[in-house]
2 protein chains.
Amino acid sequence: MVRGKIQIKKIENTTSRQVTFSKRRSGLLKKAHELSVLCDAQVAAIIFSQKGRLYDFASSDIQKTIKRYAEYKGEYFVAESHPTEQYVQGLKKEMVTMVEKIEMLEVHNQKLMGKSVAFCSLKELQEIATQIEKSLHIVRSRKAKLYEDEVEKLKAKERELKDERVRLSGRVGEEPSGMPSGSKEKEDVETDLSIGFPKSRS
Amino acid sequence: MVRGKIQIKKIENTTSRQVTFSKRRSGLLKKAHELSVLCDAQVAAIIFSQKGRLYDFASSDIQKTIKRYAEYKGEYFVAESHPTEQYVQGLKKEMVTMVEKIEMLEVHNQKLMGKSVAFCSLKELQEIATQIEKSLHIVRSRKAKLYEDEVEKLKAKERELKDERVRLSGRVGEEPSGMPSGSKEKEDVETDLSIGFPKSRS
DNA sequence: GAGGCTATCTATAAATC
DNA sequence: TGATTTATAGATAGCCT
């Protein structure tokens, strides 16, 4: 017997709370089912007991219902734990662009390297050749410049070494008699030991 | 007054179906609420009307409830409709690889085109120059081949036209007096109208 | 926990406004 | 549409097994 209307607040007595849970739970699921059948509605109900047990009802595929719910709500809760479809679509689109770019670059590279030019038109070949010639020119110039610099550097070193030799010779009070090691340059001064008058051998 | 118990099957009368939907819907949501409060349970209910309108109740955050549901079920449906974090990580990794490849290709391209060689070593410059020379050789060969083919084709056409002319001349029983249209080749036979003896103008 | 009982409370079908 | 009414079907609190 029901003694007066009950208060809608947590039932403190554990036993009766569990009994009530069991009864009302099945009542709720039954009503959910009836509603879906009577009114041809899409209904889903999810119940977790205090202990964490799951009870549920779904008139159709619950996944569909949840998905529909998510879409209806403008979706955001799924995004919380999982990237949205939209986000991934964006990534994929970006990847397609990148793949295209890679292909483009590879084709370009191939052509610059003289590969797969078998299907190029004369006009295209001419363009490639022009580009390559230009590249070659630039690279050769750069190479020449580097060599030049190198030579310049060596000359500077030579000068430096000469100065050093002169300086050292002045300090020991005699004629220069040797070259700094490491130098392979030919000097215009006789430094070899010899018998006879200097310069007589030229 | 309720006349006898109702059958749990779709109510065909649209009006009474809508009325029943309205009443039972609110009844269901109310009961869902009562259950959650009385028994301290986590309850969520989702109802879509036939027209697609959404009605729902959730004792706590419905997102949490759905998430918990998904986890409880081992889920699957979340993965089905939404990419997993892992999947996205994979995509991103792939993208990083692609970005690196693009950079590599671009640098290579730049070098082949003689750009940004300012910081290359002599050795590297030499390698690039060698490559470019090789490329140039290939491209030029290809170009030469194309020209050759072109010339060959033109020659073949010339022969064909000559044959044709001879054949036609034989059929009309006179000396060749014209060339097939489209040919721009210079012939060694006088075909122009003229006064006087043929060949007298050369 | 699950099921049964029963007195009540609640939901609601149908009609009416 | 929606609100109210009313009679009744259905749900359930409390108690027991």
Side-chain angles (χ1 to χ4, degrees), chain A residues 1-60 62 65-66 68-69 71-74, chain B residues 1-60 62 64-66 68-74:
Chain A
M1 336 75 186
V2 181
R3 307 207 188 97
K5 50 177 11 175
I6 60 161
Q7 304 292 313
I8 300 300
K9 65 173 189 181
K10 181 175 174 181
I11 298 168
E12 293 302 337
N13 181 294
T14 308
T15 306
S16 59
R17 184 171 66 242
Q18 282 177 345
V19 171
T20 295
F21 177 72
S22 173
K23 289 180 178 177
R24 279 180 173 262
R25 185 226 314 145
S26 56
L28 183 69
L29 296 181
K30 185 183 170 195
K31 289 228 171 253
H33 169 248
E34 290 179 358
L35 177 62
S36 71
V37 172
L38 287 170
C39 308
D40 198 25
Q42 190 174 359
V43 180
I46 297 171
I47 305 166
F48 281 103
S49 73
Q50 256 198 326
K51 288 183 187 166
R53 263 207 72 159
L54 170 67
Y55 304 84
D56 68 332
F57 165 81
S59 60
S60 61
I62 195 164
T65 306
I66 290 176
R68 188 176 177 188
Y69 174 86
E71 281 162 18
Y72 191 100
K73 282 284 185 171
Chain B
M1 335 74 180
V2 183
R3 305 207 188 96
K5 52 180 4 177
I6 59 161
Q7 304 293 313
I8 300 302
K9 64 174 188 181
K10 182 175 173 180
I11 299 169
E12 293 304 336
N13 181 294
T14 307
T15 305
S16 59
R17 186 172 64 241
Q18 283 177 347
V19 171
T20 296
F21 176 72
S22 173
K23 289 180 177 178
R24 280 181 174 261
R25 186 225 315 143
S26 57
L28 182 70
L29 297 180
K30 184 182 171 194
K31 288 220 171 267
H33 169 248
E34 290 179 356
L35 176 62
S36 71
V37 172
L38 288 169
C39 307
D40 199 24
Q42 190 173 357
V43 180
I46 297 171
I47 305 166
F48 280 102
S49 73
Q50 255 197 327
K51 289 182 189 165
R53 264 208 69 160
L54 170 67
Y55 304 86
D56 68 332
F57 166 80
S59 59
S60 61
I62 194 165
K64 269 191 200 161
T65 305
I66 291 176
R68 188 176 178 189
Y69 175 86
E71 281 162 16
Y72 191 99
K73 284 280 185 170

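Per chain, numbering begins at 1; letters A, B, ... match sequence-line order. Given the structure is predicted, the values throughout are model-derived calculations rather than measurements.
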- C:dA13 P sits how many Å from B:Lys10 NZ, rounded? 17 Å
- Taking DNA chain C as the partner, which of residues 15-23 of chain B come within under 4.0 angstrom of it by heavy atom? B:Thr20, B:Lys23
- Item | Rounded distance in Å - CD1 (A:Ile6) to P (C:dT10) | 7 Å
- Counterpart residues, side chain to side chain donor-acceptor pair (under 3.5 Å), relative to B:Thr65 (two or more places apart): B:Gln42
- Query: Taking only residues two or more places apart in sequence or in another chain, which ones pass salt bridge (charged side-chain N to carboxylate O under 4.0 Å, His left out) with B:Arg68?
  - Reply: none
- Message: Measuring only between side-chain heavy atoms, which start at C-beta, is B:Ile6 closer than 4.5 Å to A:Leu38?
- Response: yes
- Taking only residues two or more places apart in sequence, or in another chain, which ones meet A:Ser16 in a side chain to side chain donor-acceptor pair (under 3.5 Å)? A:Asn13
- Terminal axis angle for the helix from C:dA2-D:dT17 to C:dC17-D:dG2, five pairs an end, nearest 10 degrees: 40°
- Message: Give me the atom names and distance for the closest heavy-atom approach of A:Tyr72 to B:Phe48.
- Response: CD1-CE2, 3.8 Å
- Residues at least two apart in sequence or cross-chain that pass side-chain contact (heavy atoms from CB on, under 4.5 Å) with A:Ser26, listed by chain then number, are none
- Item | salt bridge (charged side-chain N to carboxylate O under 4.0 Å, His left out) partners of residues 13-29 of chain A, not counting sequence neighbours, each pair once | A:Arg24-B:Glu34
- Measure the distance from CD on B:Gln7 to C1' on C:dT12 and round it to the nearest whole Å. 16 Å
- Does the side chain of B:Val43 come within less than 4.5 Å of A:Leu28's, by heavy atoms? yes
- Drop me the distance from B:Thr14's OG1 to B:Gln50's CD, to the nearest 0.5 angstrom. 8.0 Å
- Does anything in residues 24-41 of chain A reach DNA chain D, meaning a heavy atom under 4.0 Å, and if so which residues? A:Arg24, A:Gly27, A:Lys30, A:Lys31
- Item | Set of salt bridge (charged side-chain N to carboxylate O under 4.0 Å, His left out) partners for B:Asp40, sequence neighbours left out | A:Lys10
- Close approaches to DNA chain D from residues 43-55 of chain A, in residue order (heavy atom, under 4.0 Å): none
- With the side chain counted from C-beta on, respond yes when B:Ile46 and B:Ile62 share a heavy-atom pair under 4.5 Å apart, and no when they do not. yes
- Task: To the nearest 0.5 Å, tell me how far A:Leu29 CG sits from A:Asp56 CG.
- Result: 7.5 Å
- Query: A:Ser49: what forms a side-chain contact (heavy atoms from CB on, under 4.5 Å) with it, not counting sequence neighbours?
  - Reply: A:Phe21, A:Lys51, A:Arg53, A:Tyr55
- Query: Taking CD from A:Glu12 and P from D:dA13, how many angstroms apart are they, rounded to a whole number?
  - Reply: 15 Å
